[in-house]
Amino acid sequence: MIKAVRGTRDILPPSSAVWNHVEAVTREVFRSFHYHEIRTPIFEETALFARGVGEETDIVSKEMYTWDDRDGSSITLRPENTASVIRAYIEHRLDQIPGLTKLYYIGPMFRRERPQKGRYRQFSQIGAECIGTEAPAVDAEVIELAMEILTRCGAQNPTLLLNSVGCKKCRPVFVEALRERLQSVKGTMCTDCQRRADTNPLRVLDCKVPEDQPVIDALPSILDYLDPECSAHFETVKSLLTARELTFEIRPRLVRGLDYYMRTTFEVTHGALGAQNSILGGGRYDGLAESLGSKVPAPGIGFSIGEDRLVMAIEEQTNAGDLAKLDVFLVPMGAAAVKHAALLARDLRRAGNVVEVSTDHKLKRAMETANKLKARYALILGDNEIEAGVYALKNMATGEQQNLTREQLPSALL
RNA sequence: GCGGGUGUAGCUCAGCUGGUAGUAGCGCCAGAUUGUGGUUCUGGAUGUCAUGGGUUCGAAUCCCAUCACCCGCCCCA
């Protein structure tokens, strides 16, 4: 018995209807913000991710699906999409196009991690990138866009967390200060933090061990180390978010795992998800293009939503079956009725109804099926009806049944 | 990659300290007189007890390994 490989899964009805709903709503929101879709390849040269995401990140160091192609080149399934989008931006000289480059994507990513609830080896991200300016107004709009998608899709009460991680100039100063302070206090912390104090001081800020919290609270805050430019940028972003009537929590401890982030970073969590409660992550990446070899600067900001997790959150709050409504279950009785039903079904579908035609030969069976499929109406047509030129329309919820002419049918179905 | 838990019918699960798998619930199929569902009643089908070894006269039950899923860590969407 061959089964789906570890960390991958089939998305079946009715869950697939939720996915379609999410994607339809998402595309509509993107359209309203004048974002356009970009579809990049699902695999790229390994070097793109190594340089873009960062050699030292967990993603690159141990989570990528990488193999040697027949010509000897190293290929990798994309673990995220920002690097690919920037690559395409540079390759196709999108900086020459008037206005900002506002792109979105929806598609699968691949990371070889330990599978868990809300974490898969093939997972889908909905992402957006706005490239071409450092202006803080764009940060605010991108965040608004992200929140708009979540709420319009039906995720209730998402929490927006906000931080600034500084830039190439001020962040290293902070990291050094943090490292120094940790040397004196790490002895009182958990073993993980003792290790992080040396390997990756920023990660200490993310520690969830309750006993460590007082120590962490007393550590230096990145916000005190922002240089004047970064600080002004952050202040403007905050005021523009408030102007948009968005609520957020400042989290100086919010450090993101990808090397390319600078200045604004943000994350959205959702209560219904357990340990993998992060549903969206994003931030600004002004130096990324240059690190990929671009001669022209391409400052930008973007986010990506974990579509699997968003769908999961929505499914906890709503009934997936409701998205797959069947309007009319057509029940033809007899050979003549089957032929008659074919054209009737066509016309009803063209009028916007969801129609299924019964293949049951017994009326009783057909009605049982109509009930199980939760059809709004059963439409019975047999010899009697064809002869009389009427259709027997039964409302499945109330049980009422009436005979209607062809002309009366459309309005009765509304 | 590390730690813990789980794995019995389509689904949710019983199965106590080893003795031929459950009238279990839901679902599915058929019927309760000829063209009408939802409630009720009756009958029926379905399992290499995750996989592979081992202990034993005998293993779903004990042991080992593998795989998958779940929870946590690491990290992240």
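Lettering follows sequence order; numbering is per chain, from 1.
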Taking atom types as they are modelled, would you say the side chain of [X] forms a donor-acceptor pair with the base of [N] within the 3.5 Å cutoff?
X        : N     : result
A:Arg119 : B:C75 : yes
A:Arg114 : B:C70 : no
A:Asn371 : B:G38 : no
A:Asp383 : B:G35 : no

Taking only the [atom1] atom of each, what is the distance from [N] to [M] in whole angstrom?
N     : M     : atom1 : answer
B:A21 : B:A60 : C1'   : 8 Å
B:C75 : B:G58 : C1'   : 49 Å
B:A24 : B:U56 : P     : 37 Å
B:C67 : B:G10 : P     : 25 Å
B:C57 : B:C74 : P     : 49 Å
B:A9  : B:A14 : C1'   : 13 Å
B:G72 : B:C26 : P     : 33 Å
B:G25 : B:G15 : C1'   : 15 Å

Distances for protein N or O near nucleotides 41-43 of chain B N or O, under 3.5 Å:
none

- Item | Salt-bridge present (A:Asp227, A:Lys168; N to O < 4.0 Å) | no
- Could A:Glu134 and A:Arg263 be called an ion pair, given the rule that one side-chain N must be under 4.0 Å from one carboxylate O? yes
Can you tell me how far [atom2] of [N] sits from [atom1] of [X], to the nearest Å?
X        : N     : atom1 : atom2 : answer
A:Met312 : B:C76 : CE    : C1'   : 14 Å
A:Arg111 : B:A77 : CZ    : P     : 5 Å
A:Asp58  : B:C75 : CG    : C1'   : 5 Å
A:Lys62  : B:C2  : NZ    : P     : 11 Å
A:Glu113 : B:A77 : CD    : P     : 9 Å
A:Ile380 : B:G35 : CD1   : C1'   : 8 Å
A:Arg121 : B:G1  : CZ    : C1'   : 11 Å

- Item | Close approaches to RNA chain B from residues 387-401 of chain A, in residue order (heavy atom, under 4.0 Å) | A:Lys394, A:Met396, A:Ala397, A:Gly399, A:Gln401
- Item | Distance-only polar pair, side chains of A:Thr159 and A:Glu249, donor-acceptor under 3.5 Å | no
- Query: Can a donor-acceptor pair be found between the side chains of A:Glu129 and A:Thr82 at a distance below 3.5 Å?
  - Reply: yes
Ignoring hydrogens and angles, write down the donor-acceptor pairs under 3.5 Å from the side chains of residues 61-68 of chain A, residues two or more places apart or on other chains.
from, atom 1, to, atom 2, distance (Å)
A:Ser61, OG, A:Thr57, O, 2.9
A:Thr66, OG1, A:Thr76, OG1, 2.8

- Item | Aromatic contact, A:Tyr104 with A:Tyr35 (centres under 6.0 Å) | no
- Query: Want to settle it: does A:Gly282 or A:Arg112 sit nearer the 5' end of RNA chain B, counting the closest nucleotide to each?
  - Reply: A:Arg112
- Using heavy atoms to find the nearest nucleotide of RNA chain B for A:Pro115 and A:Gly306 separately, return the residue whose nucleotide is more 5′. A:Pro115
- Item | Contacts of type side chain to side chain contact (heavy atoms under 4.5 Å, CB included), residue A:Asp383, not counting sequence neighbours | none
- Under the rule of Watson-Crick or G-U wobble with both distances under 3.5 Å, where | means paired to another strand and [ ] a crossing pair, RNA chain B maps to (((((((..((((.....[..).))).(((((.......))))).....(((((..]....))))))))))))....
Close N/O contacts between protein and nucleotides 28-31 of chain B (under 3.5 Å):
from, atom 1, to, atom 2, distance (Å)
B:C29, OP2, A:Lys372, NZ, 3.2
B:G31, OP1, A:Lys362, NZ, 2.9

- Would you classify A:Asp308 as touching base, sugar-phosphate or nothing, given that sugar-phosphate means primed atoms plus P, OP1 and OP2, and contacts are heavy atoms under 4.0 Å? nothing
- Task: May I ask you to verify if any side-chain N or O of A:Gln116 is less than 4.0 angstrom from the OP1 or OP2 atom of B:G72?
- Result: yes
